[in-house]
Amino acid sequence: DLRERILKLQKLGTDKIASTTVREMPEPKVDGTHNPAVPGWKRMEIVEASDDESEDDKATRESKNDPFPDINVEANRSGIEFAKNQANSLFAKGSLDESVRWFSK
């Protein structure tokens, strides 16, 4: 069917695209928006996120929520590696509870 239509268009010598492949955008409404393409879908308003919280507020809040304030881990790769090695060492010694605390940190 498609092959026949292509051959027919080639014989006519036209570059016209088959009408089944042409998709038109819906006409804009008075307010400048388009009609939804699919029924049941609604246009969502995009709201920009704000950075109301400063870094100091986050650090203070995190320190209040810290379940293990006695364990200090640097917030970098070497600090995390150290904490992991410490937890592995405690686990190997049989101190499961202390190991879990280090891994949880």
Side-chain angles (χ1 to χ4, degrees):
D1 184 44
L2 178 61
R3 184 172 187 245
E4 291 173 7
R5 286 190 288 168
I6 293 172
L7 292 174
K8 183 179 176 183
L9 287 174
Q10 286 177 341
K11 286 180 184 178
L12 294 174
T14 180
D15 291 332
K16 180 181 172 187
I17 300 173
S19 63
T20 58
T21 61
V22 176
R23 293 193 168 86
E24 297 180 15
M25 292 293 295
E27 292 296 320
K29 294 181 184 178
V30 178
D31 63 357
T33 62
H34 291 281
N35 293 328
V38 179
W41 289 84
K42 296 181 182 179
R43 183 171 294 274
M44 220 171 113
E45 183 178 340
I46 307 297
V47 180
E48 294 293 323
S50 64
D51 294 331
D52 291 341
E53 298 179 1
S54 68
E55 293 297 322
D56 295 335
D57 293 341
K58 287 181 183 178
T60 304
R61 191 169 355 109
E62 287 174 3
S63 66
K64 289 180 183 177
N65 295 334
D66 189 2
F68 310 113
D70 58 320
I71 300 174
N72 292 320
V73 177
E74 291 181 33
N76 57 33
R77 187 177 184 107
S78 63
I80 293 171
E81 285 290 326
F82 174 78
K84 183 185 82 159
N85 291 337
Q86 182 70 22
N88 282 332
S89 172
L90 290 166
F91 182 79
K93 291 178 183 175
S95 181
L96 182 63
D97 293 335
E98 192 66 21
S99 171
V100 168
R101 291 182 56 198
W102 276 90
F103 276 126
S104 299
K105 186 69 172 187

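Each residue takes its place number in the sequence, starting with 1.
Connection of F68 to W102 is established within a shared hydrophobic cluster, with ILVMFWY side chains joined at heavy-atom distances below 4.5 Å, either directly or through further cluster members.
Summarising the geometry of N76 relative to S78, their closest heavy-atom pair is OD1-OG, 3.0 Å, with the distance given to 0.1 Å.
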For residues 80-96, which side-chain N or O atoms pair as donor and acceptor with protein atoms under 3.5 Å away, sequence neighbours left out?
residue, atom, partner, partner atom, Å
N85, ND2, E81, O, 3.2
N88, ND2, K84, O, 3.4

